[in-house]
Amino acid sequence: MKKLKYIIAVSAIFIATSCDDYLDQENLGEKGLLTYYKTPTDIEEAMAGVYNAIYTVNIHSEEQIAANLMDNMMLGGGGPDDKTAKWVDNFEDPAEDTYHDMWKQSYNGISRANAIIEKVPLADFSTYFKTPAEAEDFKKQALGEALFMRAFYYFRLAKFFGGVPLIMTYDADRYVGRSTYQETFAVIASDLKAAIATMPATPITSIPTARYGHANKWVAEAYLARVFLFYTGYMTNIEKQATTDLPLVDGGVITATEVTTYLNDCISNSGHKLTPDFRNLWPYSYVNISAGSNVLPWATTEGLSWVGQDGISPTFGTGNYETMFVQRFSFGDWNWSNGTGNIYTNRMELFNSMRGNSQVPFGEGWGWCTINPKLYSGWSDLDPRKRGSILEVGRADQGTAGYARDKGDHETGFFNKKYASLQHNDGTGSNVGMFVQMYNWSNPDMQLMHAHDFILMRFADVLLMHSEITKTADGMNLVRARAKLGPVGYSLDAIKDERLHELAFEALHWFDLLRWGDVESAFNDVIQVRNSGVDANYSVKYRPETKGLVPIPETEMRVLNGVYTQNPGW
């Protein structure tokens, strides 16, 4: 099974000692700063705890769910009882703690990363490796990875909440006020710059498959570009403070030229490259033989073959060289305690799939985040990414001929195909999740079967960011050529179109709208939908007073009474 099982198991060590009140916990497990972080196994276990903080119990605290619900190309959807999805889609707050798990888990990850950052430089790993060089590389990778993950969590917090409290050591006072937006991004940029300088420059062809899903130097370089574009765009277009540089903690800045150098390094030396066919990135292209027949016949007709999600091992074709950084998913079980029975399965696939329609190969889900028909109608049929991204209902060639209308709200006839529930006959006459069969999982529950990793960074985005920062068309045209589209000259409008079509439903477009300053004009459409069988018009109005931020959780506001100020508009 996937390595996530290991992450789940060992990260339990840290849950009791790294929660909001970790300073008040007795160290019952005999693992702490004085006795732990001394061996490579200690560090690997501790790093598993850092990554484990990505997972949240509350669905609205999942970054990809939250960002897609706020995107103008996706609607609330769901059924009549799914009011929270509709409220978020309308820039309203469903509950006082809608995003509390995102806040809490991000700080858990930061706390765990802080411990590694403090202890790794003091550790001596020389006796655990054959050569001093191997020990040093392990040490550099561990320190750089922890720096990256601290930046990752602060970036997640900053994108949603703005300036946040900066907790930079394991035993620091957590009850401090919010830092400014600039101060928060200075920490993010400084950590990423240090991570790039620290981690070994190992091409992905030399990285063990077991490390798939972990950060490395190339991921840090790509994220620094993403942070640069978001910060400079947000400050210029939302805060109305024209900015061309990314601040650092020491008072320096990172310029576009420096970011370009990092991206050039990633493009030239990482070993990452585009998958030849865009559609092969997504598991719907997996041609699986079940009961003697192809369950994805259209994939066979198009000659598609999934590149897989376990690094560059040859399990699937030539392997996946494009995916750079992911949130790994596996399965779950309702018997697990603390409400964690389903947090390790990809709930985006569950919540985004067709409501009340269990078909082959596209199974059912809760019907959230239905697709704005404007995206479909405005997208050229000559671009294979159109049908490679959008699932159309009522089509035999897509396996949706049996779609039953009027099962949900905001029905438009279009769903997210990249992250869709997948199932097929298991040979006994039962339709079982594709991943359940692939990984031989024992529980076929349709809510727990989604082991498709969510891609947080892929090489196509690196190429598009390179074009946007350098104002050249080369990277963008490489992405277009992969889609068998002709080259175009550079323009910001061309970049906007390309990012929309290449990265649709990957939780990036909402943040692109913000940083480009397009968010106020993006929500003026009146959309024809079906609400539980009734024709209706639907529209969303963005609230500019929020500046695109979500509210600070009320639990945090009460605990630190008077220390935090609430975000505008909430």
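Values in this document were obtained by computation on a predicted structure and should not be read as measured data.
Defined by atom type and a distance below 3.5 Å, a donor-acceptor pair is present between the side-chain atoms of His509 and Asp71. When only modelled atom types and interatomic distance are considered, Asp101 and Tyr55 share no side-chain donor-acceptor pair under 3.5 Å.
Screening Phe351, Phe362, Trp282 against Tyr419 for a ring-ring contact (aromatic ring centres under 6.0 Å, His included) leaves a single residue, Trp282.
For Glu145 and Arg150, the salt-bridge test fails: no basic side-chain N is under 4.0 Å from an acidic carboxylate O.
Cation-pi check for Lys417 over Phe415 is not met; the charged atom does not lie both under 6.0 angstrom from the ring centroid and within 45 degrees of its normal. Taking the centre and axis of the six-membered ring of Trp368, the NZ or CZ atom of Arg347 falls outside the cone set by 45° and 6.0 Å.
For the pair Leu375 and Phe505, the minimum side-chain heavy-atom distance is below 4.5 Å.
Between Phe160 and Phe511, the two ring planes are perpendicular [angle over 60°; tilted spans 30° to 60°]. Using bins of under 30°, 30° to 60° and over 60° for the plane-to-plane angle, the ring pair Phe185/Tyr181 lands in the tilted bin. The aromatic rings of His60 and Tyr99 sit perpendicular to each other, their planes meeting at more than 60°, with 30° as the lower class boundary.
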- [ ] Apply side chain to side chain donor-acceptor pair (under 3.5 Å) to Glu468 and Trp516, showing your working.
- [x] CA-CA 11 Å; Glu468 187 171 356; Trp516 287 329; 2.9 Å; yes
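Nearest heavy atoms, Ile455 versus Val326: CA-CG1, 4.0 Å.
More than 12 heavy atoms of other shown residues, nucleotides or ligands fall within 6.0 angstrom of atom NZ in Lys496.
Ring pair Phe325/His214: centre-to-centre distance not below 6.0 Å.
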